[in-house]
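Here the structure comes first, spelled out in C-alpha cells, and everything after it is commentary.
Remember, predicted model here, so these are calculated numbers, not experimental data. Atoms within a ligand are numbered from 1 in the order they appear, just like the ligands themselves.
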Amino acid sequence: MASTVFERHRPAASVVAHALEHTAHSVFWRDDLPVDLMPDRPPLRGVVDADLVIVGAGYTGLWSALLASERMPGSRIVVVEAQRVGWAASGRNGGFCEASLTHGRENGLARWPDEMPVLERLGMANLDEIEAAQARYGMDFHFERTGQLAPATEPHQLEWLREWRDDEPGDDLVLLDEQAVRREVDSPTYLGGMWEKRSCGMLHPARLAAELARVCEERGVVIFERSRVRDLRTGDGVRVLTDGGQVRAARAVLATNVFPSLLKRNRLMTVPVYDYVLMSEPLDAEQKAAIGWQHRQGIGDMANQFHYYRLTRDDRILFGGYDAVYHYGRKVRAEYEDRRESFERLASHFFTTFPQLEGLRFSHRWAGAIDTSTQFTAFFGTARRGRVAYAAGFTGLGVGSTRFAGEVMLDLLDGVDNERTRLEMVRKRPLPFPPEPAAALGINATRWALDRADHREGRRNLLLKTLDALGLGFDS
Ligand SMILES: Cc1cc2nc3c(=O)[nH]c(=O)nc-3n(C[C@H](O)[C@H](O)[C@H](O)COP(=O)(O)OP(=O)(O)OC[C@H]3O[C@@H](n4cnc5c(N)ncnc54)[C@H](O)[C@@H]3O)c2cc1C
C-alpha cells in the first residue's frame, strides 16, 4: 500500500519526544479564560418554576437561551447544566466556525441536493449573526473572519481541488497552485490548495461559551451548574429532575449533545468519537516568519483522516484531528481523553507539516467526544406532545450550526411553519447506529477502510461505496 506524506517524511523521534516532554493534559481554552468569565454558579435546589427549561450549557443550550430571551422578553428561562458552562465539546473544540449547516457542501449535496441553495444561504446568514454577536451583545470571543485553507498534501488531491472549483462557482473560492499556497502558509507538504475566503471564521471556543452565559444572565436567564438532570417528566407541563431539585416549566429544550439523551428514542442516534488536540507554545517572530500564515486562515487538509490547525490570538498553533477513536460501548469517559499514541502521531504529523518549527514544544494536550450521527450533521425533533424540542448529532462541525439549531428548536416549540422548519434536513430523522456489538464492528471497519483509501489515492473500497450509496457512514 502506498504511504502518505506523513509516513514518508517523519521527523526524528527525538523531535517529537522533546515537543511533548512538558505538555500538560489540560484544555488550553479553558485555562486561558479570565476568572471573571468563569463564575461559580450554584446547583439547583428545591422547586423552580419557569416558562422554558434548557438542559445543557454548551453552545446549543446557551444560544437557545439567548435567542429565547429575545423572542419572549420577560419570560423565565432556566438552564440546568450537569457540570460547568462550556466544559465539554463547546469549550475544547478547534474553534472553526463554519457557515456549513450540513458538515460540508459535499455531504449536504449528497443528502439534500434540492435544499442546498437555501441551506447555504441560511448557513451564511447564521455565520454573519455569530460574527455580529460580538458587537451586538458586547462579547469578545476573538472572532476572525479568516476563511479556511484546504491544502492538497498528495498528488491525487489536486484533482479533487479542480473538481471542487468546477462544481462550485462563485467568488468565495480561490484555487492556489503550489507556489501560491506556500506563499500563504509555507509547508513543504503542500502541493496546491483552496482558500474559502468568507465561509469560515476562527474563534476562541471557551470564550464563546462563557460570553454567551454572561450575556444570558445579564438578560435574566438563570443558570444552574453541577446539576445533572436524571429524569424528564411530562404532564400539564414539563419537569426536569436533578438529585437536589426540579424545574417545572411549560416547555423544554434538550441540548445534551453526546451525552445519553433524556429521550429513549434518541439513545441510538449518536455515538461518541474521541478527537485529539495539541496546542503549541506561542511562536516567536522568527518562527512566524518561517511559516508565513499572514492571513491566519483555519487549515483543514483533504484526506479522510484529516488534520485541522489554526493560530490563536497569541500565535500558538492548535493542531488536532486525524485519529477519531470509537470505544466499544458508546461511553463518554474521562479516561479516553489521554491517548499517548494519538498525541505522538499528531506531534509527528505537525513536524512533517512544519519542519521549520523543530524545537517548538506543545504546552497543552486534550481530547473531546464528538457526537457523530449517521448523517454527520444535526437532527431535530419534538417529543411529549410538542413540549420538548431536541437537536443533536452535530458530528465535528457544531460551532456555527448550534446557533442555527437553537433557532430551529424554538421554532419547533412555537409550532412555526417557516423556511427552517420546512427543511427536509429538519423534518426527517436519520437512521440510528445499531446497538453493540454491531456498532463497534461497523465503525471500526469503516475507519479501517477510510485509512486504506487515504493510502490508495483516495480510492474507496466496496464497504465505503455501499455505505455511500445508503447515505450512511462515519466521520468526525
Ligand atoms: C476536540 C473537538 C474539536 C472540535 N472542533 C470543532 C471545530 O473546530 N469546529 C466545529 O464546528 N465543531 C467542532 N467540534 C464540535 C463542536 O465542539 C460541537 O459540535 C459543539 O460544541 C456542540 O455543542 P453542544 O452545546 O451541543 O454540546 P456540548 O458542548 O457537549 O454541551 C452539552 C452540555 O450538556 C450537558 N449535559 C448533558 N447531559 C446532561 C444532563 N442529563 N443534565 C444536565 N446537563 C447535561 C453537558 O454537561 C454539556 O455541558 C469539535 C469537537 C471536539 C470534541
Can you pull out the closest protein heavy atom to atom 34 (O) of ligand 1? Residue, atom name and distance to 0.1 Å, please.
-> G56 CA, 3.3 Å
Below 3.5 angstrom, do we get any N/O pair linking Y308 and ligand 1?
-> no
N/O separation below 3.5 Å, T256 to ligand 1 = no
If we ignore angles and hydrogens, is there a donor and acceptor under 3.5 Å between the side chains of N93 and Y59?
-> yes
Side-chain ion pair, D236 and R248, N-O less than 4.0 Å = no
Which atoms from ligand 1 have a heavy atom of W87 less than 4.0 Å away?
-> 46 (C), 47 (O), 48 (C), 49 (O)
Going by atom types alone, do D301 and T153 pair a side-chain donor with an acceptor below 3.5 Å?
-> no
Could you walk me through whether W195 and H295 pass the ring pair (Phe, Tyr, Trp, His ring centres under 6.0 Å) check?
-> CA-CA 11 Å; W195 184 4; H295 292 110; 5.1 Å; yes
Just jot down the ligand 1 atoms closer than 4.0 angstrom to any heavy atom of L397, in number order.
-> 10 (C), 11 (O), 12 (N)
Is the shortest N/O to N/O distance between G396 and ligand 1 below 3.5 Å?
-> yes
Carboxylate-amine/guanidinium proximity below 4.0 Å for R145 and E131 = yes
Distance-only N or O hit between ligand 1 and Y59, under 3.5 Å | yes
Pairing residues for V229 by the side-chain contact (heavy atoms from CB on, under 4.5 Å) criterion, not counting sequence neighbours = V55, V80, V240, T242, L262
Residue part near ligand 1, for A367, under 4.0 Å between non-hydrogen atoms = neither
To which of A82, A324, S90 does the heavy atom nearest atom 20 (C) of ligand 1 belong?
-> S90
Flag F259 as yes when one of its N or O atoms lies below 3.5 Å from any N or O atom of ligand 1, and as no otherwise.
-> no
Going by atom types only, do R429 and N266 share a side-chain donor-acceptor pair under 3.5 Å?
-> yes
Side chain proximity check, F96 to L203, heavy atoms < 4.5 angstrom = no
Just need the protein heavy atom nearest to atom 19 (O) of ligand 1, so name the residue and atom and give the distance.
-> G398 CA, 3.2 Å
Could you note down all residue pairs passing side chain to side chain donor-acceptor pair (under 3.5 Å) where residues 206-226 supplies at least one of them, sequence neighbours left out?
-> D40-R226, R41-E217, R41-E225, S69-R219, R84-E225, H142-R207, E211-R214, R214-E218
Where's the contact between Y276 and ligand 1, heavy-atom distance under 4.0 Å: side chain, backbone, both or neither?
-> neither
Identify the protein heavy atom lying closest to atom 4 (C) of ligand 1, giving its residue, its atom name and the separation to 0.1 Å.
-> N93 CB, 3.1 Å
Hey, is T402 touching ligand 1 through its side chain, its backbone, both or neither, going by heavy atoms under 4.0 Å?
-> side chain
Option among F343, F362, Y276, F6 that satisfies the ring pair (Phe, Tyr, Trp, His ring centres under 6.0 Å) test with F350 | F362
Would H25 and W366 count as a ring pair (Phe, Tyr, Trp, His ring centres under 6.0 Å) if you check the C-alpha gap in whole Å, the side-chain angles of each, and the deciding distance to 0.1 Å?
-> CA-CA 6 Å; H25 186 229; W366 70 91; 9.4 Å; no
Stepwise, does the side chain to side chain donor-acceptor pair (under 3.5 Å) test hold for D323 with S342?
-> CA-CA 6 Å; D323 279 356; S342 292; 2.7 Å; yes
Taking 4.0 angstrom as the limit, do D411 and R71 come out as a salt bridge?
-> yes
Could you list which atoms of ligand 1 come closer than 4.0 Å to a heavy atom of V80?
-> 43 (C), 44 (N)
Going by distance only, is there an N or O of V277 that falls short of 3.5 Å from an N or O of ligand 1?
-> no
Minimum side-chain heavy-atom gap Y322-D275 below 4.5 Å = no
So which heavy atom in the protein is nearest atom 5 (N) of ligand 1, and how far is it from that ligand atom?
-> G94 N, 3.0 Å
For I370, the atoms of ligand 1 under 4.0 Å from one of its heavy atoms are 51 (C), 52 (C), 53 (C)
Output the list of atoms in ligand 1 that are nearer than 4.0 Å to some heavy atom of A369, sorted by atom number.
-> 53 (C)
Is A255 touching ligand 1 with its side chain, its backbone, both, or neither, if touching means heavy atoms under 4.0 Å apart?
-> backbone
Output the list of atoms in ligand 1 that are nearer than 4.0 Å to some heavy atom of A88, sorted by atom number.
-> 30 (O)
Any nitrogen or oxygen of V399, main chain or side chain, under 3.5 Å from a nitrogen or oxygen of ligand 1?
-> yes
Please determine if R313 and E144 form a salt bridge, counting it only when a charged side-chain N lies under 4.0 Å from a carboxylate O.
-> no
Contact partition for R92 relative to ligand 1, non-hydrogen atoms under 4.0 Å | backbone
Among N257, V79, V229, whose heavy atom sits nearest atom 30 (O) of ligand 1?
-> N257
Which segment of C97 sits under 4.0 Å of ligand 1 when only heavy atoms are counted | neither
If you round to the nearest 0.5 Å, how far is CG of L357 from NZ of K288?
-> 12.0 Å
Show which atoms of ligand 1 fall inside a sub-4.0 Å distance from at least one heavy-atom site of S227.
-> 43 (C)
V85 contact mode with ligand 1 (heavy-atom cut-off under 4.0 Å) | neither
In ligand 1, which numbered atoms sit nearer than 4.0 Å to a non-hydrogen atom of F394?
-> 19 (O), 26 (O)
Can a non-hydrogen atom of G95 be found less than 4.0 Å from any atom of ligand 1?
-> yes
Min N/O separation T60 to ligand 1 under 3.5 Å | yes
Quick check: does F96 get an N/O under 3.5 Å from an N/O on ligand 1?
-> yes
Identify the protein heavy atom lying closest to atom 53 (C) of ligand 1, giving its residue, its atom name and the separation to 0.1 Å.
-> G368 C, 3.4 Å
Salt bridge check: are R239 and D231 linked by an N-O gap of less than 4.0 Å?
-> no
among protein heavy atoms, the one nearest atom 31 (O) of ligand 1 is G58 CA, 3.5 Å
Test Q148 against S199 for side-chain contact (heavy atoms from CB on, under 4.5 Å), laying out the working first.
-> CA-CA 8 Å; Q148 191 171 187; S199 56; 6.0 Å; no
Applying ring pair (Phe, Tyr, Trp, His ring centres under 6.0 Å), run through W87 and F259 and close with a yes or a no.
-> CA-CA 13 Å; W87 76 277; F259 301 91; 5.7 Å; yes
For atom 33 (C) of ligand 1, what is the nearest protein heavy atom, given as residue, atom name and distance?
-> E81 OE1, 3.7 Å
Give the ring-plane orientation class for H307 versus H349, where under 30° counts as parallel, over 60° as perpendicular and anything between as tilted.
-> perpendicular
Mind checking whether G61 has an N or O less than 3.5 Å away from an N or O of ligand 1?
-> no
